[in-house]
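Just so it is clear, the model here is predicted, and its values are computed rather than measured. Sequence positions, counted from 1, serve as the residue numbers for this chain.
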Amino acid sequence: MFDIQHYLAGKRKRVEDALDTLMLSAGGDFADHVAAMRYSLFIGGKRVRPILCLAAGACISPDPALEESLLPVACALECIHTYSLIHDDLPAMDDDDLRRGHPTNHKKFGEAEAILAGDGLLTFAFDLLSDPRFTGLADSARLQITHTIARAAGSLGMVGGQALDMDGEGREMSFKELKTIHSSKTGALITASVLSGAIGAGGTPAQLDALQTYGDTIGLAFQIVDDLLDVTSTTEELGKTAGSDAEHDKATYPAFFGVEKTRKMAEQASQAAIEVLSSFPDSADPLRALSRYIVERTK
Ligand code: GRG
């Protein structure tokens with residue numbers, strides 16, 4: 001039986017050590033700005049996106065050197081994700097005080113610093129992706145990965161989804177609109193995390209197609225569970241404000257379907273993602289287990 005907790009602990013350590021090494025170091029002329037970036041990056045986080053990237057790479061290629069080559073990509077994904085959380089928490093957006101169990105970036109450093117910390121993390125991600133010192137991946141793969149991540153993070157992905165989400169607050173929304181928001185705001189970066197690992201590993205078009213479907217499906221499961229936890233968990237358990245969706249009058253899966261049906265839908269999505277991997281060998285076991293973890297997680 002694959003031990004997902006052991007796997008996650010090992011990969012989290014790997015990612016966090018790499019983040020610490022690769023991230024701009026504290027001190028120097030930009031000390032306060034770098035401190036604000038490092039604060040949100042290191043106060044917690046499940047590291048789901050970087051781990052998906054490493055797991056997808058290992059699913060395609062057994063080369064033990066691949067993980068090392070993928071680490072800058074994995075770190076770039078976590079930088080982009082962390083920037084999105086900092087900006088999402090700002091007063092102009094969700095206006096939250098708590099993230100990853102600690103005061104949000106703007107509560108700690110002020111709004112202007114928080115905006116710049118987010119900008120810095122987003123830009124630093126592309127610094128990492130294009131850094132010529134990291135020669136482990138072929139240039140063509142790096143270019144394709146960079147484009148995949150940029151697309152997913154930008155206006156046709158996460159940023160666009162956030163804009164739709166903001167626009168929808170406090171008004172009736174159709175289920176179709178909710179699905180578009182979820183797939184762009186949350187799903188796109190999750191799928192890009194899976195694809196970037198697979199591209200780095202030299203996946204064939206057929207493998208990339210299957211992993212795109214896997215990514216889209218766990219992205220959906222991830223967001224459904226996020227909606228669910230917002231109504232079923234406490235602020236202490238989540239490390240972020242529980243009940244925030246209802247407070248902002250947001251359309252969510254539980255609001256459309258109720259808690260029990262929503263739970264079943266998350267289960268179905270997790271199962272469907274595992275089925276997509278049916279033709280993959282044992283090297284896909286971490287991806288299979290991650291699909292279960294995403295629906296069984298408690299924060
Ligand atoms: C501000 C451009 C911009 C985008 C914001 C990510 C996002 C878009 C908003 C965050 C709000 C939210 C609850 C999104 C839904 C799912 C999600 C991204 C949850 C947080 O991700 P986790 O659970 O967080 O992976 P950790 O802290 O574990 O990394």
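- For the atom pair CE of Met166 and CE of Met93, the computed distance is 6.0 Å after rounding to the nearest 0.5 Å.
- A donor-acceptor pair under 3.5 Å is absent between the side-chain atoms of Ser61 and the main chain of Gly57, judged by distance alone.
- For Asp63, there are no salt bridge (charged side-chain N to carboxylate O under 4.0 Å, His left out) partners, not counting sequence neighbours.
- Side-chain atoms of Asp3 come within 3.5 Å of backbone atoms of Gln5 as a donor-acceptor pair (strictly under, hydrogens ignored).
- Linking ILVMFWY residues whenever their side-chain heavy atoms come closer than 4.5 Å, directly or via other members, places Leu189 and Leu19 in the same cluster.
- Going from atom CZ of Arg297 over to atom CD1 of Ile294 covers 7.0 Å, rounded to the nearest 0.5 Å.
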ask   = When you look at Leu143 and Asp139, which way does the side-chain contact (heavy atoms from CB on, under 4.5 Å) test go after all the steps?
value = CA-CA 6 Å; Leu143 190 59; Asp139 282 350; over 6 Å; no
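- Proximity of a side-chain donor or acceptor of Ser196 to a complementary backbone N or O of Ile145 within less than 3.5 Å is not detected.
- For the atom pair CG (Leu70) and SG (Cys53), the distance works out to 4.5 Å, reported to the nearest 0.5 Å.
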Start with the C-alpha distance between Ser40 and Asn105, add both sets of side-chain angles, then the distance that settles side chain to side chain donor-acceptor pair (under 3.5 Å), and finish with yes or no. CA-CA 6 Å; Ser40 290; Asn105 199 287; 2.8 Å; yes
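- Under a 4.0 Å N-O distance rule, the pair Lys11/Glu16 does not qualify as a salt bridge.
- Annotation: cation-pi geometry satisfied between Arg49 and Phe222 (NZ/CZ under 6.0 angstrom from ring centroid, within 45° of ring axis).
- Between Arg38 and His33, every side-chain heavy-atom pair lies at or beyond the 4.5 Å cut-off.
- Residue Val15 comes nearest to Cys75 through the heavy atom pair O-SG, 4.1 Å, listed as atom of the first residue, atom of the second, then distance.
- Judged purely by atom type and a 3.5 angstrom limit, Ser291 uses its side chain to pair as donor or acceptor with the backbone of Ser270.
- Under a 4.0 Å N-O distance rule, the pair Lys240/Asp96 does not qualify as a salt bridge.
- Closest of all the heavy-atom pairs between Ala74 and Pro50 is O-CB, 3.4 Å.
- No continuous path of ILVMFWY side-chain contacts below 4.5 Å connects Leu238 to Leu8, so the two sit in separate hydrophobic clusters.
- Connection of Leu208 to Leu66 is established within a shared hydrophobic cluster, with ILVMFWY side chains joined at heavy-atom distances below 4.5 Å, either directly or through further cluster members.
- A donor-acceptor pair is defined here as one N or O able to donate and one able to accept, closer than 3.5 Å; such a pair exists between the side chain of Thr235 and the backbone of Ala242.
- Between Glu78 and Arg12 there is no salt bridge, since none of the side-chain N atoms of the basic residue sits less than 4.0 Å from a carboxylate O of the acidic one.
- In this structure, Thr234 contributes its side chain and Glu237 its backbone to a donor-acceptor pair below 3.5 Å.
- Ile224 and Ala266 get closest at one heavy-atom pair: CG2-CB, 3.9 Å.
- Judged purely by atom type and a 3.5 angstrom limit, Asp227 has no side-chain atom pairing as donor or acceptor with the backbone of Pro254.
- Counting only distance, with no hydrogens or angles, the side chain of His182 and the backbone of Leu220 share no donor-acceptor pair below 3.5 Å.
- Relative ring orientation between Tyr83 and His87 is described as perpendicular, the plane-to-plane angle rising above 60° on a 0-90° scale split at 30° and 60°.
- Leu229 and Phe257 fall into different hydrophobic clusters, where Ile, Leu, Val, Met, Phe, Trp and Tyr side chains are chained together by heavy-atom contacts under 4.5 Å.
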TODO: Under the side-chain contact (heavy atoms from CB on, under 4.5 Å) rule, what do Glu177 and Glu172 come out as? Steps first, then yes or no, please.
DONE: CA-CA 10 Å; Glu177 282 179 289; Glu172 277 287 288; over 6 Å; no
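- A heavy-atom distance below 4.5 Å is not found between the side chains of Leu228 and Met265.
- For the atom pair NZ (Lys185) and CG (Leu164), the distance works out to 10.5 Å, reported to the nearest 0.5 Å.
- When every heavy atom of Leu287 is checked against every heavy atom of Ala55, the shortest pair comes out as CD2-CB, 3.6 Å.
- A salt bridge is absent between Glu275 and Arg288; no separation between the charged side-chain nitrogens and carboxylate oxygens falls under 4.0 Å.
- Within the 4.5 Å cutoff, no side-chain heavy atoms of Asp89 are placed close to those of Asp95.
- Atom NZ of Lys299 has 12 or fewer heavy atoms from other residues, nucleotides or ligands within 6.0 Å.
- When side chains are defined from C-beta on, Lys46 does not count as touching Arg100, because their heavy atoms never get closer than 4.5 Å.
- At least one donor-acceptor pair closer than 3.5 Å links the side chain of Ser69 to the backbone N or O of Ala65.
- Proximity of Gln162 to Ser84: side-chain heavy atoms (C-beta onward) are nowhere separated by under 4.5 Å.
- The CD atom of Gln212 lies 5.0 Å from the CG atom of Asp216; values are rounded to the nearest 0.5 Å.
- Counting heavy atoms from C-beta outward, Phe42 and Asp20 have side chains that approach closer than 4.5 Å.
- Here CG of Leu77 is found 4.0 Å from CD1 of Ile149. Values are rounded to the nearest 0.5 Å.
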* To do: Evaluate the salt bridge (Lys or Arg N to Asp or Glu O under 4.0 Å) criterion for residues Arg99 and Asp88: first the C-alpha distance (whole Å), next the side-chain angles of each, then the deciding distance (0.1 Å), finally the verdict.
  => CA-CA 10 Å; Arg99 174 67 70 179; Asp88 185 65; 3.6 Å; yes
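- Closest of all the heavy-atom pairs between Lys13 and Asp17 is NZ-OD2, 2.6 Å.
- Tyr293 has its side chain out of reach of Pro286: every pair of non-hydrogen atoms, C-beta onward, lies at least 4.5 Å apart.
- Looking at every heavy atom in both residues, Leu98 comes nearest to Thr104 through N-CG2, 3.4 Å.
- Surrounding CZ of Arg151 are at most 12 heavy atoms belonging to other residues, nucleotides or ligands under 6.0 Å away.
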Stepwise, does the side-chain contact (heavy atoms from CB on, under 4.5 Å) test hold for Phe124 with Val34? CA-CA 11 Å; Phe124 188 67; Val34 171; over 6 Å; no
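- Ile86 and Ile43 fall into different hydrophobic clusters, defined by Ile, Leu, Val, Met, Phe, Trp and Tyr side-chain heavy atoms under 4.5 Å apart, directly or through other members.
- Under the 30°/60° scheme for interplanar angles, the aromatic rings of Phe2 and Tyr7 are found to be tilted.
- Salt bridge present: Arg263 and Glu260 bring a charged side-chain N and a carboxylate O closer than 4.0 Å.
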